[in-house]
Chemist: 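Shown below is the structure under consideration.
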Amino acid sequence: MRIVVGKHDDGNIRLEDPTNLRGFSVETSGNADAAGEVLEVETAGRRAEKNGHVWVDVDAVRRLAAGRVPADWDARFDDLIAFASTRGWMSPDGGSILAHVEVGEAAAGTVPLIELNSGHSIPQLGYGVFRVPPDETESLVTEALELGYRHLDTAAAYRNESGVGRAIRNSGLRRDEIFVTTKVFNDQQGKERTPAAFDASLQALGLDYVDLYLIHWPAPRLDLYVETWQVLEGFARDGRSRSIGVSNFLQHHLERLLAQAEIVPAVNQIELHPILQQAGVVEFCRERGIAVEAWSPLGAGQLPLFAQPAVTEAAAAHDRTPAQIVLRWHIQRGTIVFPKSSDPQRMRENLSIFDFLLTPEEMAAISGLERGGRVGFHPDEWH
Ligand code: NAD
């Protein structure tokens, strides 16, 4: 959840549940003062002077919104507080909400965090490096980190882990400020090979732990994914992978895995965009506390997504690009995304989606684009 306070593009206060599970979103208007001015928001006794995650006094938010909100706001706010309690977002005394406060222009630091079932948190938006050539990876990831990306998605199969690692080391950022995901590829599955593949990834990255290690594909014909999962459970136990998860798992793969797993996957990373929404597997994951990550969130640039009226009309209404609209649709559905671009302008654009809200009607129109078309392999056919 985040609370956006202060001068914004449109000077609104927004209270938003990014997981959008219950459709909360409250907008008020009229609190805009001078550009960038810090408002008197009490955050556990202190003013919110910069962007960040803070405890926000519940009453302070009510007072700030007083007189500027729709009549039903109070009831919806109570509802949201009840919901926040179930997610562990309330302080023990119930007086504060853990919120993201954004003051002034939306900044890179405003990417919401999603709590995984492992207890660790992942920035909801990151930078993916599939098809980034190894010799360009270090400079592009450096650019991404400078722009404010704090979540990087790579894989052994992308052959660019060492460039990712160099960029991390040279960034001057603390290790715990960056969330790093990598993946074990099909030909390295199984208890014989996965331990060495994991060591090789850590070595290429130059890290002593990763934040998330995934089985890249179920590769059912190899019939090794349950055994591979048991190896990953060892990495979670010894702390060398803070969280572990899967990628491209359909419901039947997950069912089989869960029947034998001791640790429930923290995420399932699947192809997901408005044309292919995978409602069944998404619901299955949500019910079991498995976060959903969308790969090719923009349809890998191969689908006629950006020309769809549902997207272009929202883009015109919010003065945003079609890519920003599609990414925002993912964010409001609670999905984790890491769009890829090699163009710094687009990288910046893809990060700048936390200062506007799509309306329920716009969300529904984009969801109406489902056609079931994949840009990648079918998980049962790729091994
Ligand atoms: P994507 O949906 O992120 O699309 C990338 C393409 O979209 C770019 O090449 C560019 O052509 C276009 N694009 C990006 N930003 C744009 C903008 N602002 N305006 C216009 N066009 C823009 O596709 P992707 O790279 O396939 O997926 C993202 C990440 O997901 C990958 O980098 C990788 O980390 C991950 N991924 C994982 C798997 C898996 O099997 N687990 C498979 C594919 C991708």
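Indexing begins at 1, ligand by ligand and atom by atom, following the structure's order. In this chain, residues are counted from 1 in sequence order.
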Chemist: Considering both backbone and side-chain atoms of Glu349, is one of its nitrogen or oxygen atoms within less than 3.5 Å of a nitrogen or oxygen in ligand 1?
Modeler: yes

Chemist: Nearest protein heavy-atom contact for atom 2 (O) of ligand 1: which residue, which atom, what distance?
Modeler: Leu298 N, 2.7 Å

Chemist: Is the closest heavy atom of Tyr127 to ligand 1 under 4.0 Å?
Modeler: no

Chemist: Taking the six-membered ring for Trp and the full ring for Phe, Tyr or His, determine whether the centres of Phe249 and Tyr225 are under 6.0 Å apart.
Modeler: yes

Chemist: Any donor-acceptor pair under 3.5 Å linking the side-chain atoms of Ser367 with those of Trp329?
Modeler: yes

Chemist: Write out the residue and atom name of the closest protein heavy atom to atom 25 (O) of ligand 1, then the distance separating them to 0.1 Å.
Modeler: Lys340 CB, 3.2 Å

Chemist: Among Pro297, Ala157, Ala300, which one puts a heavy atom closest to atom 6 (C) of ligand 1?
Modeler: Ala300

Chemist: Under a 4.0 Å N-O cut-off, is there an ion pair linking Arg221 with Asp380?
Modeler: no

Chemist: If you take all heavy atoms of Leu116 and Ala291, which pair is closest and at what distance?
Modeler: CD2-CB, 3.8 Å

Chemist: Any heavy atom of Gly299 sitting closer than 4.0 Å to ligand 1?
Modeler: yes

Chemist: Looking at Tyr209, I'd like to know if the NZ or CZ of Arg175 sits under 6.0 Å from its six-membered ring centre while staying within 45 degrees of the ring's axis.
Modeler: yes

Chemist: From the options Leu327, Val326, Thr321, select the one residue that forms a side chain to side chain contact (heavy atoms under 4.5 Å, CB included) with Gln324.
Modeler: Thr321

Chemist: If you take the centroid of each ring, where Trp contributes its six-membered ring, are His151 and Phe338 closer together than 6.0 Å?
Modeler: yes

Chemist: Who's closest to atom 11 (O) of ligand 1 heavy-atom-wise, of His273, Met347, Arg346, Arg348?
Modeler: Arg346

Chemist: Note the single closest protein heavy atom to atom 7 (O) of ligand 1, along with its residue, its atom name and the distance in Å.
Modeler: Gly301 N, 3.7 Å

Chemist: For atom 17 (C) of ligand 1, tell me which residue out of Ala294, Ser296, Ala323, Gly128 has the closest non-hydrogen atom.
Modeler: Ala323

Chemist: Identify which of Tyr158, Phe338, Phe130, Phe306 has a heavy atom lying nearest to atom 29 (C) of ligand 1.
Modeler: Phe338

Chemist: For ligand 1, which atoms sit closer than 4.0 Å to a heavy atom of Pro339?
Modeler: 3 (O)

Chemist: How close does the nearest protein non-hydrogen atom get to atom 15 (N) of ligand 1, and which residue and atom is it?
Modeler: Asn350 ND2, 3.1 Å

Chemist: Give the residue and atom name of whichever protein heavy atom lies nearest to atom 43 (C) of ligand 1, and the separation in Å to one decimal.
Modeler: Trp295 CE3, 3.1 Å

Chemist: Out of curiosity, is Asn248 lining ligand 1, as in a heavy atom under 4.0 Å away?
Modeler: yes

Chemist: Any atoms of ligand 1 less than 4.0 Å from a non-hydrogen atom of Gln269? List them with their elements.
Modeler: 35 (C), 36 (N), 37 (C), 38 (C), 39 (C), 41 (N)

Chemist: Has Arg288 got its NZ or CZ under 6.0 Å from the middle of the six-membered ring of Phe284, at an angle within 45 degrees of the ring axis?
Modeler: yes

Chemist: Any idea which protein heavy atom is nearest atom 34 (O) of ligand 1, and the distance to it?
Modeler: Asp153 OD2, 2.7 Å

